[in-house]
Amino acid sequence: MPDSDSRKKEEDLPYPLAMIRAMMEAAPDGMLATDEKGQITCWNTKFVEMWGTPPELVALRDVQKIGAFIAQQLKDSERYLARIAEIEASKEKSFDLFELIDKRLIERYSDVISVEERFVGRLWSFRDVTQYQVSDLLPRRLAAIVDSSDDAIIGKDLNSIITSWNQGAERIFGYSAEEMIGTSVMRLIPPERQRDGGADSRSPETRGTL
């Protein structure tokens, strides 16, 4: 039997989920939400329209069947389904760009839904970007890939001031982007190495890697 704290958390869920549903319906993108078990909890009208999803299929709330229905509209259905499995196995946000058989280009983003630091599901969004030129999409795609990478990817200017800091850097170094952007990259070099001559004292294998 769940204790009082567990019951309270369960009782608190309807309100944030109701807020998510309201925001989804107001969004210009097709959106779908799944719970911690990967089951569909809600979706918006734009999602149904974008994929031409039959109402009876959506009503089943079966994420596998919805995924298969979408996949058959894509040029590379196997990659699409494989990426879903990868994403669901992680607790990170994701970005993908897919081409449909009818030549449309669809961006797909996903992020986790948390309540009091507890994972309760994932929010998926789909955006039709067919009208954009591929050259316009590449910088956006690169930025999304860098941000979601497990590796630390750090940008700095000629004065060694940090200009970008991704999730991988936050996980590895323990500092948030807000703490690091605008500060010197020297902050990452141990004090004893700085006393030996600063950034130039770094060994050949580390020099220039930031």
Side-chain angles (χ1 to χ4, degrees), residues 6 9-10 12-25 27-101 104-129 137 140-153 166-172:
S6 296
K9 287 182 178 179
E10 292 173 359
D12 288 344
L13 285 180
Y15 178 73
L17 290 178
M19 291 294 293
I20 290 171
R21 290 190 184 98
M23 289 187 291
M24 286 172 60
E25 199 57 45
D29 301 331
M31 305 190 78
L32 181 79
T34 54
D35 62 20
E36 68 275 17
K37 297 178 181 178
Q39 296 302 303
I40 297 172
T41 56
C42 54
W43 58 90
N44 67 355
T45 303
K46 184 66 176 178
F47 174 83
V48 175
E49 294 173 346
M50 176 180 288
W51 297 107
T53 317
E56 60 273 17
L57 178 59
V58 179
L60 294 175
R61 296 177 179 267
D62 188 322
V63 72
Q64 300 297 330
K65 291 182 178 179
I66 291 288
F69 181 82
I70 292 175
Q72 68 184 4
Q73 301 181 51
L74 305 176
K75 282 194 171 181
D76 192 343
S77 59
E78 291 184 3
R79 174 173 169 254
Y80 181 85
L81 295 173
R83 277 292 292 149
I84 289 178
E86 291 175 5
I87 295 165
E88 289 181 337
S90 75
K91 293 294 186 295
E92 304 295 337
K93 57 185 175 181
S94 69
F95 170 83
D96 293 282
L97 177 66
F98 296 102
E99 184 176 1
L100 278 65
I101 295 173
R104 282 185 296 159
L105 291 175
I106 301 292
E107 285 182 343
R108 182 188 64 195
Y109 294 84
S110 82
D111 203 352
V112 298
I113 304 171
S114 300
V115 175
E116 295 182 354
E117 300 184 354
R118 181 164 60 98
F119 174 74
V120 297
R122 183 175 289 274
L123 185 63
W124 305 80
S125 65
F126 302 80
R127 177 175 299 176
D128 188 333
V129 293
L137 292 174
R140 296 167 59 191
R141 186 178 188 185
L142 178 60
I145 292 173
V146 166
D147 188 47
S148 60
S149 174
D150 290 331
D151 297 323
I153 302 177
N166 74 339
Q167 289 185 85
E170 182 171 335
R171 198 161 37 244
I172 291 171

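Nothing here was measured: the structure is a model prediction, and the numbers come from that model.
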Gap between atom [atom2] of [Y] and atom [atom1] of [X] - 0.5 Å precision:
X	Y	atom1	atom2	value
Glu92	Ser110	CD	OG	10.0 Å
Arg122	Leu32	CZ	CG	12.0 Å
Gln167	Ile153	CD	CD1	11.0 Å

Tabulate below the donor-acceptor pairs under 3.5 Å that side-chain atoms of residues 80-88 make, not counting sequence neighbours, or state none.
unit_1 : atom_1 : unit_2 : atom_2 : d
Arg83  : NE     : Asp96  : OD1    : 2.7
Arg83  : NE     : Asp96  : OD2    : 3.3
Arg83  : NH1    : Glu86  : OE1    : 2.9
Arg83  : NH2    : Asp96  : OD2    : 3.2

4.5 Å side-chain heavy-atom contact, [X] and [Y]:
X	Y	value
Met24	Leu123	yes
Arg104	Gln73	yes
Lys93	Tyr109	no
Ile66	Asp62	no

Indicate the atoms forming the closest heavy-atom contact of [X] with [Y], along with that distance.
X	Y	answer
Val63	Gly38	CG1-O, 3.0 Å
Phe126	Met50	O-CE, 3.2 Å
Ile106	Asp128	CD1-CA, 3.6 Å
Ile113	Ala33	CD1-CB, 4.4 Å
Ala27	Asn44	O-ND2, 4.1 Å
Ser77	Ala71	CB-O, 3.1 Å

Practice prompt. Keeping the roles fixed (side chain from Asn166, backbone from Asp151), state whether a donor-acceptor pair exists under 3.5 Å.
Written response: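 Pair found, side chain donor or acceptor close to backbone of Asp151.
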Worksheet item: Do the side chain of Asp35 and the main chain of Lys37 share a donor and acceptor less than 3.5 angstrom apart?
Response: yes
Worksheet item: Should we say atom CD of Gln72 is surrounded by more than 12 heavy atoms from elsewhere, each under 6.0 Å from it?
Response: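 It does: Gln72 CD has more than 12 such atoms within range.
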Item to complete: Verify the neighbour count for atom CD of Gln39: are there more than 12 heavy atoms of other residues, nucleotides or ligands below 6.0 Å?
Response: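 Count over threshold, so yes.
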Worksheet item: What pairs meet the side chain to side chain donor-acceptor pair (under 3.5 Å) rule with one or both residues in residues 45-57, with sequence neighbours excluded?
Response: Glu25-Thr45
Worksheet item: Excluding sequence neighbours, so at least two apart, what forms salt bridge (charged side-chain N to carboxylate O under 4.0 Å, His left out) with Lys75?
Response: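 Listed in chain order: Glu99.
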